[in-house]
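Chain letters run A, B, ... following the sequence lines, proteins first, then strands; residues in each count from 1. Computed from a predicted structure; not experimentally measured.
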Number of protein chains: 2
Amino acid sequence: MNPLSSPLLTDHYQLTMLESYLQQGMQETAVFELFFRKLPPTRNFLVAAGLEQALEFLENLHFSAGELTWLKARFGPALVNYLEQFRFTGDVDAMPEGTLFFPDEPILRITAPLPQAQFVESRIINLLHFETLIASKAARSVLVAPGKLLVDFGMRRAHGAEAALLAARASYLAGFSGTSTVLAAAIYGMPSFGTVAHSYIQAHTDETAAFEHLVRCHPKNSTLLIDTYDTEAAAIKVVALARKLAPEGIEVSGVRLDSGDLGMHARRVRRILDEGRLEKTRIFASGNLNENRVHELISSGAPIDGFGVGTALDVSSDAPALDCAYKLQEYAGKARRKRSEGKATWPGRKQVYRKYDPNGQAMRDVIALEKDDSHEGEPLIVPVMRNGRRIEGIDGNGKLEAIRRRTVANYARLPEPLRSLETASAYPVEISPSLQALAKQVDDECGLITSTRNLCV
Amino acid sequence: MNPLSSPLLTDHYQLTMLESYLQQGMQETAVFELFFRKLPPTRNFLVAAGLEQALEFLENLHFSAGELTWLKARFGPALVNYLEQFRFTGDVDAMPEGTLFFPDEPILRITAPLPQAQFVESRIINLLHFETLIASKAARSVLVAPGKLLVDFGMRRAHGAEAALLAARASYLAGFSGTSTVLAAAIYGMPSFGTVAHSYIQAHTDETAAFEHLVRCHPKNSTLLIDTYDTEAAAIKVVALARKLAPEGIEVSGVRLDSGDLGMHARRVRRILDEGRLEKTRIFASGNLNENRVHELISSGAPIDGFGVGTALDVSSDAPALDCAYKLQEYAGKARRKRSEGKATWPGRKQVYRKYDPNGQAMRDVIALEKDDSHEGEPLIVPVMRNGRRIEGIDGNGKLEAIRRRTVANYARLPEPLRSLETASAYPVEISPSLQALAKQVDDECGLITSTRNLCV
């Protein structure tokens, strides 16, 4: 069982429900939509991400012999026989990755026989939620650090292997320059970056010798970690080393600061490097950074050329989860609506239209019924899968690069206050009159009159 | 490349350093230790977890042909040739999983040739940090809900597939009753639990029919979700249904509440069920729960028999990361110490001794040098791997069950204030005199006198 593709990576209740649907022959077409209920206080928008992984999951979904054997010992034969042939044969419509979106807007719609559309819920949420979470966090660093090198440094404290990989992908998609995670570079074809650890310096008894060994080993590209003992003293050693190696054509590309007052050290180190004629040697900073620290450092004029953002990015530290849901909106041609306290949903198949002002800035969105085509603006949801097969998109090869460019271009079309780290007034999202009317109609049909009456019976 | 076992799941700088170590023949024995620098404000202790996965990683570490091909295009032949034969041949000493521990205490020590001991850093931290994070979060729910059914419901918002699986394992290890994640049950042999989703109720046009279908499909064990429309009205339907099905020997095992004021609904529903002679039907609650909400509900006397804890558990929402580090403490027989501002470490190979009072309650810990055996108390660090092969531990088969029992027993040996959700005074952890002396000696040897002097040169 491969944990990353096993259909058993699901909630137990999906199997319970599947068994019951099969028993009753409930296999008509269902429509589910994935949406996010509200923004964390520190987000002005979210960045859609993870669709690639979600479609890959749907396209390859099947039960292996080992999985069927495990199930056979625990569930009835009707379920196991059905799962032997199980494939996803439905349609998917979604916002392309890198689309900026807001609460209540569906970013993905699945249309498929009820057992299929229901069964895929857990992993679809697991994938889209996480990459959207990280892309939305990463966007904040990208917006405050234009022109700077931004590297994902978070693998070691990411929540497991897949989180490390998907965080590297999602942050790159949102505009980061690359990652320190080698496997992400190998799998997604993205750039990876690395310097050395403190242990490398410590393992040598002489700091200058450690520097020289590293630069000789990587003569074209080496970044020296200079804060293991005394930062400015180390910068002086770097200057002396550079002078010694210059005749051999070896340069020190950069130095890294990883502790203490980064702004203060960067200023002092910049001065030492410049006085030593190392104007081209860049200063890279890391150490418990997040978008707020990066913003402070840049605003204060600290001469830092690049930032490694680690834990805070990979765990989305200020908002480690988003409030999202995957809900049944239609079954057997009839609109459905959940009405639990505080968790009611908008029924039916929906489209989101974005209206722009004459300068190309987004003004407001309208959530409308898909079939109601009276709306102006850009429809954000597009077909991405039909009958269980992906529709080849605009991105083709070098997909991730194309998505990254599109994402960064999308930031520029957002109203300026939303691009700040400060909490801005909510972007206007309207519910179309026909969608409101449908919600009322569903309520009326179910007889929602008082909370003590029996409903929908 | 299997993302869960690929050695490329590492930081780029590990390869950079490896290349340099090989070039200089720096392959003497290194000692690295993993420790946690401080506790989040909402933790009084941490629960060691993830050792099983870390040892599995070390034991199976090797580069596949595909990985070597990828590396060959990017790194020099000396590195690639070395990696072709790369295996972990070192020793590991560690706190057994389920050990409760405190800041600065090493929970794992790796003794191996420098290139090996360094290279494994990123994934070792990635595994031990995450499971320790989740076990420590889960412990809080376990401590406030004695005798209650506690189920991990967090797969969908866990950070990817591995996080979902390891969170299920770590929370079970810390005393949870089980998980909703089927694959965790399949892989770790732990119990899984499930009810139905709101979509199941919505897909039926009649709520009673939905209930009846579920109960008939799972006549021995069914938990009905009763808050899709009107919670108390649904409880009345459950009573009527139970009356109808009783002659056939079918029972309703439980009902689930997932929204609104859970305590209020639980009281009203309990009354309705009891009046309907369904005293045995249990009430299960879920919906944005965490240990504080569980504690409030139990303290207020809400008649709830079990809790599904989801997102808050799987992302450790109040503390989504811990401040841990894997540091070089000795190389080639010489103690080493990192002295970066605010990040200095204790040098040398260490042991942690726990002293208990006559009632078996932990009183204080001493962090000492391993070779200094003058200390009383229980040594917490034990040998777990020699020459790259695991030492078979006390747990044998059914390992996870044994660790779980041991963890729960460990809670009872903690001072009572530390077992509360409130922040308690720090547990006393002493640094032994000989360890303090060694730190001073390392500093003296490196000439740590003023911050402007060149050091260790």
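For the pair R157(A) (side chain) and C324(B) (backbone), a donor-acceptor distance under 3.5 Å is present. A donor-acceptor contact shorter than 3.5 Å is absent between the side chain of D314(B) and the backbone of A167(B).
Minimum heavy-atom separation, A164(A) to M155(A): CB-CG, 3.6 Å. Across all non-hydrogen atoms, the minimal contact from A197(A) to Q118(B) is CB-NE2, 4.4 Å.
For T311(A), the part lying near chain B is the side chain, with the backbone staying farther off; criterion is any non-hydrogen pair under 4.5 Å. Of the atoms belonging to A185(B), heavy atoms from both backbone and side chain fall under 4.5 Å from chain A. Residue H129(A) touches chain B through its side chain alone, counting heavy-atom pairs closer than 4.5 Å. Contacts between L127(A) and chain B at a heavy-atom distance below 4.5 Å are absent for every atom of the residue. Contact of Q14(A) with chain B is made through the side chain alone, with heavy-atom distances under 4.5 Å. In this structure, no portion of Q53(B) lies under 4.5 Å from any heavy atom of chain A. Using a 4.5 Å cut-off between heavy atoms, D258(A) touches chain B through backbone and side chain atoms alike. When heavy atoms are compared at a cutoff of 4.5 Å, E28(A) does not approach chain B at all. Only the side chain of F32(A) comes within contact range of chain B, with at least one heavy atom under 4.5 Å from a heavy atom of that chain. Heavy-atom distances place both the backbone and the side chain of Y13(B) under 4.5 Å from chain A. With a threshold of 4.5 angstrom between heavy atoms, I187(B) approaches chain A through side-chain atoms but not through N, CA, C or O. Neither the backbone nor the side chain of A312(A) comes within less than 4.5 Å of any heavy atom in chain B. The contact between L322(B) and chain A is made entirely by backbone atoms, counting heavy-atom distances below 4.5 Å. With a 4.5 Å cut-off on non-hydrogen atoms, Q202(A) touches chain B through its backbone and its side chain both. With a 4.5 angstrom heavy-atom cutoff, Y200(A) touches chain B via backbone and side-chain atoms both. For chain B, the nearby part of L133(A) is the side chain; its heavy atoms alone come within less than 4.5 Å. Contact annotation for E19(A): both backbone and side-chain heavy atoms come within less than 4.5 Å of a heavy atom of chain B.
Taking a 6.0 Å sphere around CG of N288(A), one finds it holds 12 or fewer heavy atoms contributed by other residues, nucleotides or ligands. More than 12 heavy atoms of other residues, nucleotides or ligands lie within 6.0 Å of CG in N2(A), so this atom counts as buried by the packing criterion.
Each of R156(B), Q329(B), H218(B), K334(B) has some count of heavy-atom pairs under 4.5 Å with chain A, and the biggest count is that of R156(B). When K327(A), H204(A), R123(A) are compared by the number of non-hydrogen pairs under 4.5 Å with chain B, H204(A) comes out ahead. Taking chain A as the reference chain and counting heavy-atom pairs below 4.5 Å, the highest number among A321(B), G287(B), S20(B) is found for S20(B). Put simply, of S122(B), A163(B), P3(B), A186(B), the one with the most heavy-atom pairs under 4.5 Å next to chain A is A186(B). When each of G50(B), G76(B), A158(B), A203(B) is checked for heavy-atom pairs under 4.5 Å with chain A, A203(B) comes out on top. Ranking M1(B), E121(B), E67(B) against chain A, the residue ahead of the rest is E121(B), based on heavy-atom pairs under 4.5 Å. When each of T179(A), T10(A), L166(A) is scored by its heavy-atom pairs under 4.5 Å with chain B, the top score falls to T10(A).
Rounded to the nearest 0.5 angstrom, I124(B) CD1 and Y326(B) OH are separated by 6.5 Å. Taking CZ from R74(B) and OG from S192(A), the interatomic distance works out to 8.5 Å, rounded to the nearest 0.5 Å. The CG atom of N126(B) sits 10.5 Å away from the CD atom of E131(B) when rounded to the nearest 0.5 Å. Distance check: L183(A) CG to D11(B) CG gives 12.0 Å after rounding to the nearest 0.5 Å. Residue K237(A) holds its NZ atom at 7.0 Å from CG of D206(A), rounded to the nearest 0.5 Å.
Salt bridge annotation for R337(B)-D443(B): present, with a cationic side-chain nitrogen under 4.0 angstrom from a carboxylate oxygen.
Taking the six-membered ring wherever Trp is involved, the centroid distance between the rings of F130(B) and H159(A) falls below 6.0 Å.
Checking E212(B) against T208(B) by side-chain atom types alone, no donor-acceptor pair falls below 3.5 Å.
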